[in-house]
Amino acid sequence: MSEIKSTHLIHHPYQAPKEFESPQAPLFKASTVIFPNVKAMKDRRWQNKSAYTYGLHGTPSTFTLEEKLATLEGGRYCTLMPSGLSALAHVNLAFLISGDHVLVPDNAYSPNISLLKHVMSNYDITFTRYDPMSIADFKAKLSKRTRLVWLEAAGSVTMEFPDVLGLCEATQAHNAVYAQEDRRPSLIALDNTWGAGLAFDAFKTGVDMTVHALTKYPSGGGDVLMGSVVCKDQGIAQELCNAHMFLGTGVGPHDVDAILKGLQSMVLRYEAQDKAARILAQALMQEDAVAEVLHPALPHARGHAHWRAVCVTPQRPEGLAAGIFSVVFKPEYSVAQVEAFCDRLKLFKIGYSWGGPMSLVLPYDITSMREFAAEHLRNRQVVRFCIGLEDTQDLLDDLRQSLKALGSARKL
Ligand SMILES: *Cc1c(COP(=O)(O)O)cnc(C)c1O
């Protein structure tokens, strides 16, 4: 090794002893990957992820995370993206070509709809919103040109749980009708952020791909953005992998490290937040100011039977659900009153996202967001609560003090 300091500081002859072991996997960082010789550089292929070539093509750290997520969601292949939204975008960009049509549920994560409306439309790709609670509406909108079907369970903010099995069956029947023709089949992509790979087994319902905003439960900290796409089919995986390389949407090593750490406690956090959310949702149902609580595990909820069909098992008769729900205020409460209710909360902070340690609250103007806003939502104030890891009684007390000022805390 050179005696010159500048050279010595760059090259690193020290090798960590092989027997070193610690609870956390080592973190591998690279844009440049070093090859032992020119032949190795020429021989290695990034396409099948069997070797390391360049940071963007993967490191042992990204491959470790991909493997864990594929296993978590019951798939085989995984691709990582810098955010949940970029993972949704990735599916649109990887599979759609000019002339294609997309079906998206009316209660989808709304930036996905914005992407279809404002960006994909520039490439002659059209989309239709469907009523997620009506198989008939869905079937009527499937067309010969439909290349991609989006599902979300439960739907964003209003939490309706669709008939995932029925929607997949309808898509497969549709594909079978056109199987003889030279037509690319409709692919089914599920936004699986709510279920997180824990509440139900998405690939058993018939979907082709799952998208997961790792920003939520896998991170668990409210401090990292990342997304993934998981699939089972090798051909689909290859298209996702190719598009990933062409678009260059790699993820940073420290973020990968944070998600790997978050995953270790995710099952415990998911279960604890589910339990706390159900206690709070049930307490809020008793409130005078509240017209309805939107949570798929509540017996009156829209899609409760569909939730039961996939999220309740003999081993888990109480089922699993994300720690998130919304409240519809009675029509006599004004926008200003409901916004003041949110402002008065002390533990619930006003902020986007969920699955983190801190409870969050956000008011929504549902009427402006939906094409199919059902009667119970029209012109009502809807507030979404994301339950963190604080003490449940403290959260209840916080809701109570703010509802009291609204003039309705009597029963909490
Ligand atoms: C948050 C979220 C996303 C987007 O994730 P980001 O990492 O914030 O881009 C996508 N889908 C659902 C259902 C989400 O809740």
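Just follow the structure's listing: the first ligand is 1, and inside any ligand the first atom is 1.
Residue, atom and distance of the protein heavy atom nearest to atom 7 (O) of ligand 1 are T215 OG1, 2.5 Å. Protein heavy atom at the shortest distance from atom 1 (C) of ligand 1 is K216 NZ, 1.5 Å. Looking from atom 9 (O) of ligand 1 to the surrounding protein, the closest heavy atom is L85 N, 2.8 Å. Taking atom 6 (P) of ligand 1 as the reference point, the nearest protein heavy-atom neighbour is G84 N, 3.3 Å. Protein heavy atom at the shortest distance from atom 3 (C) of ligand 1 is Y109 CZ, 3.4 Å.
Salt-bridge check for R76 with E66: failed, with every basic side-chain N at 4.0 Å or more from each acidic carboxylate O. A salt bridge links D106 with R129; the closest basic N to acidic carboxylate O contact falls under 4.0 Å.
The distance from ligand 1 to the heavy atoms of E152 drops below 4.0 Å at these ligand atoms: 13 (C). In the vicinity of A213, heavy-atom distances shorter than 4.0 Å reach the ligand 1 atoms 2 (C), 3 (C), 4 (C), 5 (O). Below 4.0 Å from some heavy atom of W354 lie the following atoms of ligand 1, by number and element: 15 (O).
No part of Y352 comes within 4.0 Å of ligand 1, judged by heavy-atom distances. Only the side chain of D191 comes within 4.0 Å of ligand 1, counting heavy atoms alone; its backbone N, CA, C and O stay farther away.
No option in T71, V230, L240, L65 other than V230 meets the side chain to side chain contact (heavy atoms under 4.5 Å, CB included) test with C78.
In the model, H118 has no side-chain atom that pairs as donor or acceptor with a side-chain atom of S114 under 3.5 Å. Judged purely by distance below 3.5 Å, without hydrogens or angles, the side chains of R380 and T367 never pair a donor atom with an acceptor atom.
More than 12 non-hydrogen atoms from other residues, nucleotides or ligands lie less than 6.0 angstrom from CD of Q238.
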#### Entry: Step-by-step side-chain contact (heavy atoms from CB on, under 4.5 Å) determination, Y52 to W46
CA-CA 7 Å; Y52 304 107; W46 57 264; over 6 Å; no
